[in-house]
Amino acid sequence: MGLGAIASLVAADAFASTAPEQLQNYKQSDNPVTVLFQGDSITDGGRWVNSSDWNHIMGQGYAYIVSGQLWFNNIGVPMMFYNRGISGNTVLDLPARWEQDAISIKPDILSIMVGVNDVYGVIKNKNPRSVEQFKSDYQSLLDKTKQELPDTKLVIMEPFVLPVGQVKNDLTRWQNEMAPRQAIVKEMAAQVNAVYIPLQDVFLSACEKAPADYWIWDGIHPMPAGHQLIAQEWIKTVKEQLKFPA
């Protein structure tokens, strides 16, 4: 083995042994701004739950892209990102884990994307809840959050679909069930003075550049380019409205 190869192995081994400690020190320094991503499978992004492995802790979706981009662009700015999205969650599922997965983290910024599974439940007749119940559930969640975390800035992301796969097969019904819930999410965001990210329009505009299945593979879950699209919109909007990062 050549000297260059040996040196690279030594360097890699040395980095592996010191990186976790360095990261831990970084996380604890200067009161980092903490950002928490919450929601369903789109936020989950295949993350390993209860893992401390940084290959998997943020998943592979927009939350991963946002954290990576902001960490890369703002070296030396103390920031910490958490992903607590769980696949399959509806608005009604969030309160049961809100104390552990949101309140106890005490984030400076709490980003919520939820709603498409609520529509799915109606379409598939799996524990369906009405539009009025969806509004009540969302309102209750936000009321608790504002009471427990009065200084936390909220980012509320609009649920979305595109006419691909299962959505395309029953498009009118999906649109009819999604539209009123989208209106409620926008209304809730205004009521709590949250940053609102209108993702349905973002995806529809993107479809002028490439077909719907370029952005979302089954009508619900984004393709890699779709996650990038969400991440870019999140970074742009949060920067504009919350001045984060400063």
Side-chain angles (χ1 to χ4, degrees), residues 35 37-47 58-73 81 83 85 87-91 109-120 122-123 134 138 154-190 194-242 244-245:
V35 180
F37 295 101
Q38 265 290 0
D40 50 39
S41 59
I42 300 171
T43 300
D44 182 318
R47 71 182 179 93
M58 292 301 296
Q60 300 121 20
Y62 76 90
Y64 173 85
I65 298 170
V66 169
S67 59
Q69 189 69 58
L70 292 185
W71 264 325
F72 181 82
N73 288 346
F81 297 89
N83 183 350
S87 182
N89 268 194
T90 66
V91 172
I109 299 173
L110 169 54
S111 180
I112 304 171
M113 182 195 291
V114 72
V116 71
N117 288 322
D118 298 83
V119 175
Y120 180 88
V122 174
I123 301 294
F134 176 83
Y138 215 130
L154 295 177
V155 177
I156 294 181
M157 308 174 76
E158 180 185 34
F160 54 86
V161 292
L162 284 182
V164 182
Q166 62 179 301
V167 174
K168 184 178 182 180
N169 293 337
D170 199 0
L171 182 58
T172 299
R173 192 168 181 213
W174 273 92
Q175 291 174 327
N176 289 343
E177 293 294 343
M178 180 61 86
R181 289 169 175 83
Q182 289 172 328
I184 287 167
V185 170
K186 184 176 183 179
E187 176 187 343
M188 295 292 102
V195 174
Y196 174 67
I197 302 183
L199 290 172
Q200 185 68 67
D201 284 347
V202 169
F203 274 100
L204 290 175
S205 295
C207 288
E208 297 176 5
K209 301 177 182 178
D213 60 3
Y214 185 84
W215 306 104
I216 296 178
W217 65 273
D218 64 347
I220 297 172
H221 299 94
M223 292 286 286
H227 278 288
Q228 180 69 39
L229 186 68
I230 297 171
Q232 289 182 175
E233 195 67 21
W234 194 99
I235 291 171
K236 181 189 75 172
T237 307
V238 171
K239 177 70 172 177
E240 289 173 352
Q241 297 191 33
L242 296 182
F244 172 77

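Position 1 is the first residue of the sequence; numbering continues from there. Computed over heavy atoms, backbone and side chain alike; hydrogens, waters and symmetry mates excluded.
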As an exercise, state the distance from [atom1] of [X] to [atom2] of [Y], rounded to the nearest 0.5 Å.
X      : Y      : atom1 : atom2 : answer
Leu229 : Ser205 : CG    : OG    : 9.0 Å
Lys168 : Leu162 : NZ    : CG    : 11.5 Å
Ile235 : Ile230 : CD1   : CD1   : 12.0 Å
Gln69  : Gln228 : CD    : CD    : 7.0 Å
Asn176 : Asp170 : CG    : CG    : 9.5 Å

**Prompt:** Does NZ belonging to Lys239 count more than 12 external heavy atoms closer than 6.0 Å?
**Reply:**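 It does: Lys239 NZ has more than 12 such atoms within range.
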**Prompt:** Is the count of non-hydrogen atoms from other residues, nucleotides or ligands lying under 6.0 Å from Tyr64 atom OH greater than 12?
**Reply:**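 Atom OH in Tyr64 is not crowded, with 12 or fewer foreign heavy atoms closer than 6.0 Å.
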Close side-chain approach of [X] and [Y], heavy atoms under 4.5 Å:
X      : Y      : answer
Val202 : Glu158 : no
Val122 : Phe134 : no
Met178 : Pro159 : yes
Val167 : Ile220 : yes
Arg181 : Val91  : no
Tyr138 : Ile112 : yes
Phe160 : Pro222 : yes
Met58  : Ile65  : no

**Item:** Listed once per pair and sorted, the salt bridge (charged side-chain N to carboxylate O under 4.0 Å, His left out) pairs that draw on residues 205-234, sequence neighbours left out
**Value:**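 As it turns out, the salt bridge (charged side-chain N to carboxylate O under 4.0 Å, His left out) pairs with a partner in residues 205-234, which skip direct neighbours, are Glu233-Lys236.
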Minimum heavy-atom distance [X]-[Y], with the two atoms named:
X      : Y      : value
Thr237 : Tyr196 : CG2-O, 4.1 Å
Asp40  : Val116 : OD2-CG1, 3.7 Å
Val114 : Thr90  : CG2-C, 3.7 Å
Gly59  : Asn83  : N-ND2, 4.4 Å
Val164 : Trp217 : CG1-O, 3.3 Å
Ser87  : Asp44  : N-OD2, 3.0 Å

**Asked** Quick one: are the ring centres of Trp234 and Phe37 less than 6.0 Å apart?
**Response**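 Aromatic pair counts; centres sit under 6.0 Å.
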**Item:** Evaluation steps, side-chain contact (heavy atoms from CB on, under 4.5 Å), between Val155 and Leu242
**Value:** CA-CA 10 Å; Val155 177; Leu242 296 182; 4.3 Å; yes
**Prompt:** What's the verdict on side-chain contact (heavy atoms from CB on, under 4.5 Å) for Met157 and Thr43, showing C-alpha distance, side-chain angles and the deciding distance?
**Reply:** CA-CA 11 Å; Met157 308 174 76; Thr43 300; 5.8 Å; no
**Derivation and outcome, side-chain contact (heavy atoms from CB on, under 4.5 Å), residues Gln166 and Ile123** = CA-CA 10 Å; Gln166 62 179 301; Ile123 301 294; over 6 Å; no
**Message:** Check whether Trp215 reaches the backbone of Ala206 with its side chain - one donor and one acceptor, N or O, closer than 3.5 Å.
**Reply:**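 Looks like yes, one N/O pair under 3.5 Å.
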